[in-house]
Amino acid sequence: MVPKLPTAPPAGSRVTLALLETTDLHANVIGYDYYKLRADSSFGFDRVATLIGQARAQYANTVLLDDGDTIQGTALADYQALAAPLPCGDKLAIYKTMDTLGYDGGGIGNHEFSYGLPYLNQVTGSHFDVDGVPAATPRCAGPAFPLVLANVYSSRTRQPLFAPYRIIAKTVSATGPDGRPLTATIRVGIIGFAPPVILAWDKRWLDGKIYTEGWRETAQKFIPRMRAEGADVIVALSHGGLDAAPYSPAMENGSYYLAQVAGIDALLIGHAHQVFPNAAGTAPQFNLPGVDKVRGTVNGVPTVMAGLWGKNLGVIGLRLRFDGAAWSVDKAATTVEARAIQNADRSVVDADPAIAKLIAAEHAATISYVRQPLGSSDFRMSAYFSDVGDVSAVQLVNQAQAAYLADYVKTNLPQYAQLPVLSMASPFKTGAAGVGDYTDVPAGPVALNNAADLYLYPNSLSAVKVDGAQLKAWLEKSAERFNRIDPASGAQQELVNTAVAGFNFDELTGDDVRYQIDVTRPVGQRIVGLAYRGRAVAPAQEFLVATNNFRASGGGNFPGLDGGRTILASPDNNRDVLIAYIQAHKGLTRAANGAGRSWRFAPVAVKGAVVFHSAPEMVALARQAGLLNVSQLRADDGGGKGYALYGIDLSR
């Protein structure tokens with residue numbers, strides 16, 4: 001029996017339909033940092049849930065949608081996927097909480113594939129017909145809302161892995177042409193897109209099992225079908241940012257081109273971890289032709305991106321008008337905004353207490369999980385003396401990043417196989433926020449939360465190709481961490497330029513590279529004797545350097561690093577790369593993992609004292625790191641903040 005269609009409203013009827021977007025939640029169900037083992041109110045689905053409630057109170061008609069990268073990204077996610085695999089009948093913690101808020105639909109991001117196809121099949125309640133997922137696999141518990149993905153296909157069946165789109169009938173409160181309220185039905189079509197580069201990023205899971213189609217081609221194929229099936233409004237859930245580079249079906253960020261496809265009424269985008277619209281945004285993508293970062297449109301299409309981790313809620317107030325035959329968007333009246341959980345006075349909205357209660361058991365189990373050791377270390381990894389040569393808090397990060405890049409090149413980038421692989425890392429916690437603000441991982445068991453002390457930020461790993469001249473310029477920029485020292489001065493001179501953050505002091509470590517930093521020279525002329533495997537680095541000699549997305553894309557204003565030299569933008573976080581490396585190597589030793597100092601200060605006799613500041617009573621730790629030229633001058637430097645005053649003999 002054919003269902004009876006609802007009676008059409010009279011011509012001239014109007015309705016406001018609020019599209020609410022979360023994206024890149026990365027399993028941050030509550031505001032808790034499992035690596036630091038403490039609550040953090042700056043993020044979390046439990047707080048964005050409050051924003052959702054506020055938006056629903058404001059708008060009579062809402063459609064709540066998620067744009068992917070939902071199930072991976074925290075220790076909670078790893079616990080449910082790897083440490084204590086989720087039973088078939090249980091829902092993921094993030095999906096449990098999303099279901100309580102009544103999501104209408106969701107998209108699929110690249111990180112949904114991070115644990116492999118069998119796991120994704122299970123937790124989404126799917127029944128993939130794809131190699132690697134046995135046909136007899138039962139359909140397990142998944143979210144109560146539909147998931148859509150149009151551009152990823154099973155290689156076996158040549159059919160989309162998920163439903164490419166879904167048309168949702170929403171009963172809405174509208175206003176008739178006479179100003180009186182009425183009830184209408186609007187059919188909202190949602191269609192999902194994921195970055196085609198998943199085939200490279202998760203090749204080990206996906207190779208030969210799935211394939212992708214291009215952003216634009218996919219939209220042009222399905223949008224007409226959705227209209228023919230009665231969609232009044234079409235919303236694209238695009239897990240990709242904005243990129244106006246020449247179109248390629250395999251490009252990572254295809255939302256700019258989706259906005260040019262006829263028939264898309266609104267774009268909910270993600271993946272780039274940015275907030276859009278943003279009038280003050282400086283990201284180059286926000287200043288492309290056809291992008292209005294104030295009103296929130298891309299090629300005229302209302303577009304929103306709600307940051308990451310539950311820090312924001314995207315809200316498109318879609319104004320619709322019925323002409324007697326079809327609904328159309330009044331773009332001039334439509335509003336777009338990304339609402340933050342942080343208020344203007346830096347306070348944050350209250351968390352919805354129901355969320356934490358719902359996943360209390362999973363939360364407690366995850367805390368126990370992160371306290372378990374990944375491996376062990378026979379030395380203390382700290383940053384108290386990183387400015388003067390202790391690499392114990394840096395070398396392990398460099399080793400992990402370099403190993404990851406070398407493996408990736410071997411598998412995916414054979415054209416670069418002959419180039420040396422290096423890695424740059426910096427000491428993140430160097431006392432800037434107080435005497436307790438130093439990386440300090442004691443000898444003994446190394447747990448997940450210790451890995452977070454070594455790698456503080458949620459960056460993703462990137463790699464760049466540079467030549468010898470550019471490598472030297474990179475190190476010269478790092479050497480701005482130091483003041484210029486006058487050897488003839490008898491006055492006390494400060495070694496460290498605190499105006500240059502410790503996280504901008506990038507270092508090479510290990511035996512392959514050697515260089516000196518001559519602090520008596522002016523900025524830009526301090527790197528001396530840069531050599532690779534005993535031979536001077538030639539200006540044209542090429543290298544691959546592992547780093548993070550912040551640095552590779554211009555963070556810190558390092559010369560030549562503006563995103564144009566990036567040969568790998570990995571979906572994996574640097575911290576996760578580090579964790580995997582520790583798990584693989586288990587027993588860490590100072591000789592192998594904490595003493596590979598590539599650089600020295602160029603020796604110079606200075607008439608007066610050269611000083612720096614760190615936590616008191618740490619000279620024994622400096623000796624363990626081989627720093628025999630460091631001494632404590634005063635246990636209290638007199639600054640009132642608890643630092644000690646240390647001296648360094650640059651002639652030794």
Side-chain angles (χ1 to χ4, degrees), residues 195 197 200-201 240-248 250-253 256 271-274 282-288 394 397-398 400-426 457 459-480 501 503-510 512-513 515 524 527 530-532 536-574 577 598:
V197 284
W201 290 341
L242 304 174
D243 185 354
Y247 178 75
S248 164
M251 69 191 307
E252 178 181 349
N253 295 294
Y256 186 80
H271 182 61
H273 290 189
Q274 296 168 328
T282 59
Q285 298 92 335
F286 292 179
N287 295 298
L288 295 171
V394 177
V397 174
N398 270 337
Q401 292 179 172
Y404 181 98
L405 176 56
D407 287 345
Y408 189 91
V409 169
K410 184 184 299 183
T411 303
N412 299 289
L413 299 171
Q415 67 270 34
Y416 297 130
Q418 302 306 311
L419 297 184
V421 172
L422 306 176
S423 177
M424 288 277 199
S426 57
Y457 299 107
N459 302 129
S460 57
L461 189 143
S462 290
V464 296
K465 183 166 75 75
V466 300
D467 61 27
Q470 292 154 356
L471 181 65
K472 183 175 182 294
W474 191 336
L475 296 172
E476 290 283 7
K477 180 68 175 177
S478 296
E480 292 181 17
F503 59 73
N504 281 332
F505 181 40
D506 286 358
E507 306 175 54
L508 296 166
T509 56
D512 285 345
V513 181
Y515 59 102
I527 302 302
L530 179 60
Y532 176 74
V537 171
Q541 187 175 357
E542 292 186 322
F543 298 89
L544 300 181
V545 184
T547 180
N548 59 60
N549 61 305
F550 173 77
R551 183 72 75 238
S553 60
N557 296 314
F558 279 62
L561 297 181
D562 58 2
R565 303 188 191 282
T566 301
I567 57 100
L568 167 62
S570 168
D572 293 316
N573 286 347
N574 298 69
V577 169
S598 288

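Please read these numbers as outputs of a predicted model, since none were measured by experiment.
Under the side chain to side chain donor-acceptor pair (under 3.5 Å) criterion, Asn548 pairs with Tyr455, sequence neighbours left out. Considering only residues two or more places apart in sequence or on other chains, Ala417 meets the side chain to side chain contact (heavy atoms under 4.5 Å, CB included) condition with none of them. Annotation: side chain to side chain donor-acceptor pair (under 3.5 Å) contacts of Asp407 (sequence neighbours excluded): none. The ring pair (Phe, Tyr, Trp, His ring centres under 6.0 Å) check on Phe543 picks up Tyr532, with sequence neighbours excluded. Checked against salt bridge (Lys or Arg N to Asp or Glu O under 4.0 Å), Asp572 has no partners two or more places apart in sequence or in another chain. Residues meeting the side chain to side chain donor-acceptor pair (under 3.5 Å) test with Gln274, sequence neighbours left out: none. Residues forming a side chain to side chain contact (heavy atoms under 4.5 Å, CB included) with Ser248 (at least two apart in sequence, or on another chain): Ala250, Met251. The ring pair (Phe, Tyr, Trp, His ring centres under 6.0 Å) test applied to Tyr404 returns no partner, not counting sequence neighbours. Under the ring pair (Phe, Tyr, Trp, His ring centres under 6.0 Å) criterion, Phe286 pairs with Phe276, sequence neighbours left out.
In this structure the side chain of Leu475 never reaches within 4.5 angstrom of the side chain of Asp506, judged on heavy atoms.
Residue Val464 comes nearest to Ala552 through the heavy atom pair CG1-CB, 3.8 Å, listed as atom of the first residue, atom of the second, then distance. Of all non-hydrogen atoms in Leu405 and Val545, the two that sit nearest each other are CD2-C, 4.0 Å. Minimum interatomic distance between Asn574 and Thr547 (heavy atoms only, all atoms of both residues): ND2-O, 3.2 Å.
Taken to the nearest 0.5 Å, the CZ atom of Arg551 stands 11.5 Å off from the OG atom of Ser462. Expressed to the nearest 0.5 Å, how far CE of Met424 lies from CG of Leu471 amounts to 5.0 Å. Annotation: the span from Asn573 atom CG to Leu461 atom CG amounts to 9.5 Å, rounded to 0.5 Å. Atoms NE2 and CG, on His271 and Asn253 in that order, are 5.0 Å from each other to the nearest 0.5 Å.
Within the structure, salt bridge (Lys or Arg N to Asp or Glu O under 4.0 Å) pairs that include any residue of residues 462-472 comprise Lys465-Glu542, Lys472-Glu476 (at least two apart or interchain). The side chain to side chain donor-acceptor pair (under 3.5 Å) contacts involving residues 413-426 comprise Asn398-Ser423, Gln401-Ser423, where partners must be two or more places apart or lie in separate chains.
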Return a table of donor-acceptor pairs under 3.5 angstrom between the side chains of residues 554-565 and protein atoms on other chains or two or more places apart.
residue	atom	partner	partner atom	Å
Asp562	OD1	Gly564	N	2.9
Arg565	NE	Gly560	O	2.9

